[in-house]
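Heads up, the thing below is written out as structure tokens.
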Amino acid sequence: AVAGRRSYFELFSGVFAGSSLTVIPSLGDYQVKYTYDYSKQTHWDFQAFGSDDRLGLTIAPDSNLAKQDPAYAGVFEFHNGYDSQGVNFRRVADDQNTLFATAYHTNFFFDTHLGRDLHLDINFEDFGGRLEWRHDSNDENLLVGMEYDHTITGNNSYFVEIPGEGTASFDLTTATKISANESYLADNVGGYVNEKFKWLDKKLELSLGLRGDYLAYNTHFTWGPRI
């Protein structure tokens with residue numbers, strides 16, 4: 001299955017020719033999914049989806065805003081979106097045991113440009129997966145699994161220091177600028193177990209579980225029971 005959407009506001013830009021309106025948004029997204037049954041016991045899912053949105057505003061040098069602060073003159077552009085791909089696997093071993101596996105990749109970007117020099121370019125990329133085993137019987141259901149995430153966060157920006165609450169005035173030209181060009185890596189590992197008990201002809205159920213997560217970037221381990 002394939003689906004997609006795309007805006008065409010720019011086709012009507014001529015209607016506003018000669019006016020001060022320069023905000024013409026561009027919006028789009030897509031979805032792709034393919035399923036494949038290798039056998040009665042083995043099933044595959046492949047999918048991809050994403051979006052791309054853009055909005056731009058031109059601030060003329062002779063506008064009132066640019067006259068107050070020339071640094072505003074130019075294009076103010078907001079551009080963000082994401083792309084994600086994944087594959088799901090299911091293997092039915094018998095009438096009580098099933099294995100699930102998932103692998104995915106996601107890339108999210110956030111780009112903002114303001115005037116002549118200022119910009120925020122932030123990118124977040126995530127590689128991950130999940131492995132899960134499920135055991136089903138008449139009186140109980142047991143679920144055991146683990147997850148893994150590897151993330152990359154990039155920041156290439158030159159922007160003003162955002163003023164705090166109560167600041168009397170703010171001047172974009174003279175405000176303190178902050179420059180960043182860096183990348184951060186992080187790895188997260190999690191494991192969980194959950195068991196559901198059924199009594200009184202399945203009219204009463206009790207679910208007990210435990211989950212633990214290890215965050216490698218700060219060597220922090222957390223865990224907690226579930227009921």
Donor + acceptor pair across side chains of Asn138, Lys198 (<3.5 Å) = no

Shortest non-hydrogen contact from Trp223 toward Pro225 | CZ3-CD, 4.1 Å

Can you find a pair of side-chain heavy atoms, one from Asp187 and one from Tyr148, that are under 4.5 Å apart?
-> yes

Which heavy atom in Asp213 sits nearest to a heavy atom in Gly190, and how many Å separate them?
-> OD1-CA, 3.5 Å

If you measure only the distance, is there a donor-acceptor pair under 3.5 Å linking the side chains of Tyr36 and Asp45?
-> no

Do Thr219 and Tyr214 come close enough that some side-chain heavy atom pair is under 4.5 Å?
-> yes

Ion pair Arg54/Glu77, N-O distance below 4.0 Å = yes

For His105 and Glu125, does a side-chain donor sit closer than 3.5 Å to a side-chain acceptor?
-> yes

Test log, rule side chain to side chain contact (heavy atoms under 4.5 Å, CB included), inputs Asp53 and Ser26 | CA-CA 6 Å; Asp53 302 326; Ser26 175; over 6 Å; no

Quick one: do Tyr34 and Trp44 end up in the same hydrophobic cluster if we chain Ile, Leu, Val, Met, Phe, Trp and Tyr together by side-chain heavy atoms under 4.5 Å apart?
-> yes

Thr153 side, atom OG1; Asp126 side, atom CG - distance, nearest 0.5 Å = 9.0 Å

Indicate, with yes or no, if Phe100 and Val193 share a hydrophobic cluster defined by side-chain heavy-atom contacts under 4.5 Å among Ile, Leu, Val, Met, Phe, Trp and Tyr.
-> no

Before accepting this row, confirm whether a basic side-chain N of the pair Arg5/Asp29 lies closer than 4.0 Å to the acidic partner's carboxylate O.
-> yes

CG (Leu215) and CG (Asn188) are apart, to the nearest 0.5 Å, by 5.0 Å

Transitively linked via ILVMFWY side-chain contacts under 4.5 Å: Leu206 with Leu210?
-> no

Drop me the distance from Phe108's CZ to Phe124's CZ, to the nearest 0.5 angstrom.
-> 10.0 Å

Sub-4.5 Å side-chain heavy-atom contact between Glu161 and Lys177 = no

When you measure from the side chain of Asp37 to the backbone N and O of Ser39, does any donor-acceptor pair fall under 3.5 Å?
-> no

With ILVMFWY side chains joined below 4.5 Å, transitively, what does Ile152's cluster contain besides itself?
-> Phe127, Leu185

Out of curiosity, Lys196 NZ to Asp139 CG, how far, rounded to the nearest 0.5 Å?
-> 13.5 Å

Ser51 OG to Tyr30 OH distance, which is reported to the nearest 0.5 Å | 8.5 Å

Verify whether one side chain among Thr102 and Asn88 offers a donor that lies under 3.5 Å from an acceptor in the other.
-> yes

Take Asp149 and Val189 through the side chain to side chain contact (heavy atoms under 4.5 Å, CB included) test and state the conclusion after the steps.
-> CA-CA 7 Å; Asp149 266 312; Val189 181; over 6 Å; no

Partners passing salt bridge (charged side-chain N to carboxylate O under 4.0 Å, His left out) against Arg90 (at least two apart in sequence or in another chain) = none

Might you point out which heavy atoms bring Ser7 and Pro25 nearest each other, and give the distance in Å?
-> OG-O, 3.9 Å

So if you build clusters from Ile, Leu, Val, Met, Phe, Trp, Tyr with side-chain heavy-atom gaps below 4.5 Å, do Tyr38 and Phe89 land together?
-> yes

Between the side chains of Asp83 and Asn107, is a donor N or O closer than 3.5 angstrom to an acceptor N or O?
-> no

Can you find a heavy atom in the side chain of Asp136 that is under 4.5 Å from one in the side chain of Asp95?
-> no

Does Leu114 reach the side chain of Leu120, with side-chain heavy atoms less than 4.5 Å apart?
-> no

Any luck finding a side-chain donor-acceptor pair between Asp121 and Tyr158 under 3.5 Å?
-> no

For His119, ring pair (Phe, Tyr, Trp, His ring centres under 6.0 Å) partners two or more places apart = His113

Taking atom types as modelled, is there a side-chain donor on Ser157 or Asn155 under 3.5 Å from an acceptor on the other?
-> yes

Shortest non-hydrogen contact between Leu143 and Arg134, atoms and distance | CD1-NE, 3.8 Å

Going by atom types alone, do Asp52 and His79 pair a side-chain donor with an acceptor below 3.5 Å?
-> yes

Of all heavy-atom pairs linking Tyr82 and Phe109, the shortest is N-CE2, 4.0 Å

Can you check side chain to side chain contact (heavy atoms under 4.5 Å, CB included) on Gln85 and Gln47, steps first, answer last?
-> CA-CA 6 Å; Gln85 309 85 35; Gln47 55 189 359; over 6 Å; no

Closest heavy-atom contact between Ala186 and Tyr217?
-> CB-CB, 4.3 Å

Can you find a side-chain donor-acceptor pair between Asn97 and Trp133 that sits under 3.5 Å?
-> yes

Step-by-step side chain to side chain contact (heavy atoms under 4.5 Å, CB included) determination, Phe197 to Leu208 | CA-CA 8 Å; Phe197 301 94; Leu208 300 175; 4.1 Å; yes

Below 4.5 Å, heavy atoms only, C-beta onward: do Arg130 and Met146 meet side chain to side chain?
-> no

For Glu132 and Tyr192, does a side-chain donor sit closer than 3.5 Å to a side-chain acceptor?
-> yes

Rounded to the nearest 0.5 Å, what separation is found between the CD1 atom of Ile122 and the CG atom of Asp111?
-> 8.5 Å

